[in-house]
Amino acid sequence: MIRRLLPTLLLGLGMVGAALPAASAGRGRIEPLALPALHAEPDPVAGGRIVDARGREVLLRGVNVNAFVDYWAYDPALFTTYPFTPQDADAIAAIGWNVVRLLVSWSRVEPEPGRYDDAYLDEVLDAVRVLASRGVYTIVDLHQDAWGPSLAARPDQGCPVPPAFGWDGAPAWATLDGGAGRCINGARELSPAVLAAFRAFWADETGPGGVGIRTRYVRMLRHVAERFAPLDAVAGYDVMNEPNAFFLVPGQLEALADLYAEALVEIRAGERAVGAPPRLVLFEPAITWADFGAGLPPHFPHDDQIVYAPHLYQGGISAVPLSAEVFERARAEAALFGGAPILSGQWGADPRRASDPEDGYFERHQALQDAFRFGATLWTWREACGDPHKAGEVRDGRIPFVWGLFDVDCATNTVRGMREDLVTALRRPLLRAAPGPIDAVSWDPEQGVFEASGEGARRHTSFVVFVPGTRRGRPRIDSEGLLGVHRLPAPGEAYFVVGRARGGPWRVAIVP
């Protein structure tokens, strides 16, 4: 029998829950873990910003969590996900992250046409509240890979090439593949059945009950918004993960733009129905963006609360190298949508690279995130041995190697613990909230120096920096234009540096 073991959390993180003290500095108390509602402030020249209800620019940094995904199981003896626990939330907060991209599956939200599984959404909402109690926002991501779990090849398929796996996303009732073949043609997205299901979706072909499949999808998004919008801890919604709209296929990018326009209408209607303010709506380019630099949808009608969310896998799983030019291209594309803020919903690489002192991928990527003020969520928190991402490794006769922050022995399906080198590469000073617009933020791991600065801070507006390490170390904190700068305890062996702005220019530096 397979044992479902929760990991032993390593590194002496000394994790705490929500009951961290607040402290006074200037006007009122500074509460580092508070999560005021977020909104976007677009800027086509300098790049858009995500700002909270207190007027602070917020940098959202975090990780993807797949605990609620309805994955196809390639081996019934292996589980496909790990449950999400309060201990997971503690560990996420102890790394310093302030956002989770929480994956949910259409196949679970709407198991039958027009019937929503609110018990499932209640489970997801419970996780949102647990994260919020640790000072972590949630992005609700409608996740899909290769359309859905029902498109695995049948045993009698007789494929001359590898048979397709199932994945995650759409329910079987919404899968209008027309009986197309289920053999892989170079990539999972190129299975004929996957291509056919997406063609039907983009064309809004009529499904059960006489309603178009794309129409069903955006109605489902409205229901999700009605359930999640009342919580300020919900940063927003990612409309569709890695949409399979090819720029070489006539009409597909235009249909992707239509999807985003329709999704915005339905999401905003859902928010109004429950008296909630508009949350951020994240939209992605097509899946071809990473390697071909193509797939941006044409302009679509939108409000100013959208966020551009390309997956910046360059230097990781993409053949394109990691470079500032990739980030500049993302900013240029966001400028076409009014200068929307940017949050990369996925980035990452083989976690073993964190153990190579000559590699530096994780450090370089985070440095670019700082330089461009991009939000970002790493792929991924946990991966299970039964995850369909591992199926190809099993078929090649190898024992799978899982990604994520947890090392798993897939021979025995047990968790060894957290990957210390990866945690070290990711656990660094993070500017959670700035007292005004950020001009520059940087972390020099060699010198151990963190700096952030900006202009136009409103008087008495607070700032929060997460800093790993004990307060006993007493690094020097230099500041300009800031009042009452002091330390507060943070989750794990860490502390917050907090204070308030005098108004105007500001700067903070944390030096060994």
Under 3.5 Å: donor-acceptor pair, side chain of [X], backbone of [Y]:
{"X": "Gln144", "Y": "Ala146", "result": "yes"}
{"X": "Thr377", "Y": "Gly62", "result": "no"}
{"X": "Asp232", "Y": "Leu35", "result": "no"}
{"X": "Gln366", "Y": "Ala425", "result": "yes"}

[atom2] on [Y] to [atom1] on [X], rounded to 0.5 Å:
{"X": "Ile95", "Y": "Leu378", "atom1": "CD1", "atom2": "CG", "answer": "9.0 Å"}
{"X": "Leu131", "Y": "Leu231", "atom1": "CG", "atom2": "CG", "answer": "11.5 Å"}
{"X": "Thr81", "Y": "Tyr71", "atom1": "OG1", "atom2": "OH", "answer": "8.0 Å"}
{"X": "Asn244", "Y": "Ile287", "atom1": "CG", "atom2": "CD1", "answer": "6.0 Å"}
{"X": "Leu248", "Y": "Phe292", "atom1": "CG", "atom2": "CZ", "answer": "8.0 Å"}
{"X": "Ile477", "Y": "Arg487", "atom1": "CD1", "atom2": "CZ", "answer": "3.5 Å"}

query: Is the Phe337 ring parallel, tilted or perpendicular to the Phe300 ring (thresholds 30°, 60°)?
result: tilted

query: Should the ring pair Tyr313 and His311 be called parallel, tilted or perpendicular, given that the plane angle runs from 0 to 90° and is split at 30 and 60?
result: perpendicular

Do [X] and [Y] touch side chain to side chain, with heavy atoms closer than 4.5 Å?
{"X": "Phe372", "Y": "Ile342", "value": "no"}
{"X": "Pro36", "Y": "Arg56", "value": "yes"}
{"X": "Asp387", "Y": "Val402", "value": "no"}
{"X": "Ile92", "Y": "Arg134", "value": "no"}
{"X": "Leu296", "Y": "Leu336", "value": "yes"}
{"X": "Leu256", "Y": "Phe283", "value": "no"}

If you measure from the Lys or Arg side-chain nitrogens to the Asp or Glu carboxylate oxygens, is any gap between [X] and [Y] under 4.0 Å?
{"X": "Glu271", "Y": "Arg279", "result": "no"}
{"X": "Asp43", "Y": "Arg49", "result": "no"}
{"X": "Arg329", "Y": "Glu325", "result": "no"}
{"X": "Asp356", "Y": "Arg353", "result": "no"}
{"X": "Arg352", "Y": "Asp350", "result": "yes"}
{"X": "Asp370", "Y": "Arg61", "result": "yes"}

Do [X] and [Y] meet the criterion of a side-chain donor-acceptor pair at a distance under 3.5 Å?
{"X": "Glu333", "Y": "Trp289", "result": "yes"}
{"X": "Gln346", "Y": "Arg101", "result": "yes"}
{"X": "Asp88", "Y": "Thr85", "result": "yes"}

message: If you take the centroid of each ring, where Trp contributes its six-membered ring, are Phe327 and His365 closer together than 6.0 Å?
response: yes

Ring-ring centroid check Phe406 Tyr82, cutoff 6.0 Å: no

task: For the pair Ile139 and Leu343, evaluate side-chain contact (heavy atoms from CB on, under 4.5 Å) and give the outcome as yes or no after the intermediate values.
output: CA-CA 11 Å; Ile139 295 166; Leu343 188 149; 3.8 Å; yes

Nearest heavy-atom neighbours spanning [X] and [Y]:
{"X": "Asp421", "Y": "Ser355", "result": "OD2-OG, 2.8 Å"}
{"X": "Arg500", "Y": "Ser462", "result": "NH1-CB, 3.8 Å"}
{"X": "Ala340", "Y": "Val307", "result": "CB-CA, 4.4 Å"}
{"X": "Pro512", "Y": "Val449", "result": "CD-CG2, 4.0 Å"}

- request: Show the numbers, then the answer: is there a side-chain contact (heavy atoms from CB on, under 4.5 Å) between Leu482 and Phe463?
  value: CA-CA 9 Å; Leu482 300 170; Phe463 74 93; 3.7 Å; yes

query: Should Trp97 and Tyr137 be marked as a side-chain contact (heavy atoms from CB on, under 4.5 Å) after you check the CA-CA gap, both sets of side-chain angles, and the distance that decides it?
result: CA-CA 9 Å; Trp97 286 328; Tyr137 288 100; over 6 Å; no

Charged tip of Arg432 within 45° of Phe466 ring normal and under 6.0 Å: no

task: List the steps, then state whether side-chain contact (heavy atoms from CB on, under 4.5 Å) holds for Asn98 with Leu60.
output: CA-CA 6 Å; Asn98 63 348; Leu60 293 174; 4.0 Å; yes

